[in-house]
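Whatever order the structure lists them in is the order used to number ligands and atoms, beginning at 1.
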Amino acid sequence: MRWTERQCALLGEIGIKGWWPTPPQAPRAVIATPPQPAAPAPRPKEKPIPITVPRSEPAQPVPIIPPVVAAGPTATLDWPALRAAVAGCQACSLCESRTQTVFGTGHEQAHWMLVGEAPGEQEDRQGEPFVGKAGQLLDNMLFAVGLGRGPSPQGRDDPARQVYIANVLKCRPPQNRNPLPEEVLRCEPYLKRQVELVRPRLILAMGRFAVQSLLQTQEPIGRLRGRVHRYQGVPLVVTYHPAYLLRNPIDKAKAWEDLCLARNVILGHQPSHHP
Ligand code: URA
């Protein structure tokens, strides 16, 4: 991957300094070149991915609930029907407090699928995931690896350059409290169907809650980072939640390592074996 000056500037902005090769002198119109088997483009220097012990990610475990099989009517829905099902969902009490559901956004065949926890206040108001400050940081980090959440002049309609973003929960928990196991149980078929429809090459699970829910574990993020897991057969890489990174900028470098690992999995440079 070649690094534009803007990408380097964004990396600096998100706290990743001095990791990349000197950017090309001439401004480039294209954000990132797709993999070229014959002549691979230079990639940024990457430190080996360490499996690190967490320092400050909140320790409280997410309760483990039994896995849900995408079954029943949800398992056969197409995009419009799934969207409508989510919009009208009354499967748990969150439907009483939400302004609207937050379905998900991005390219419906994106190679990358990002999964967060649940809508916050702004997402509940706007109906789109990650629109607040954490969303801005996420957008900057995605841009730095040549990705976006919508059509761009460079990569319009290119599923390799866009992401699909969804949350474990489609409704905002009141006062942004932690999702309850019952709420996850009711909502998970929607996410499973989204994964089935997108068929991403990689899932990036962001934050303790999404990670522990998807992987059905109580292991902390620090112990799950640096290797490739699976969700519904799809390779899954674990990283910190952007909101956590805003509070703990020192861990942005680790999140950058996670993005590099994810990119390597997508490019086939990293084996994505079963754990
Ligand atoms: N945090 C999340 O996990 N998801 C959102 O959509 C917004 C904030």
Indicate yes or no for a side-chain donor-acceptor contact from [X] to the backbone of [Y] under 3.5 Å, with no hydrogens or angles considered.
X	Y	value
T76	P73	yes
H229	L224	yes
R225	T239	no
D124	T99	yes

Contact partition for [X] relative to ligand 1, non-hydrogen atoms under 4.0 Å:
X	answer
H241	side chain
E123	side chain
A118	backbone

Legend entry - Shortest reach to atom 6 (O) of ligand 1 by a heavy atom, considering only L114, N167, D124: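 It is N167 that holds the nearest heavy atom.
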Please identify which atoms of ligand 1 are closer than 4.0 Å to at least one heavy atom of [X].
X	value
G116	3 (O)
P129	6 (O)
E117	2 (C), 3 (O)

Inset, instruction - Can you measure from OH (Y240) to CG (N248) and round to the nearest 0.5 angstrom? - result: 9.0 Å
Inset, instruction - Check whether the side chains of Y164 and E108 place a donor and an acceptor atom closer than 3.5 Å, and report yes or no. - result: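 Per modelled atom types, Y164 and E108 side chains form no pair under 3.5 Å.
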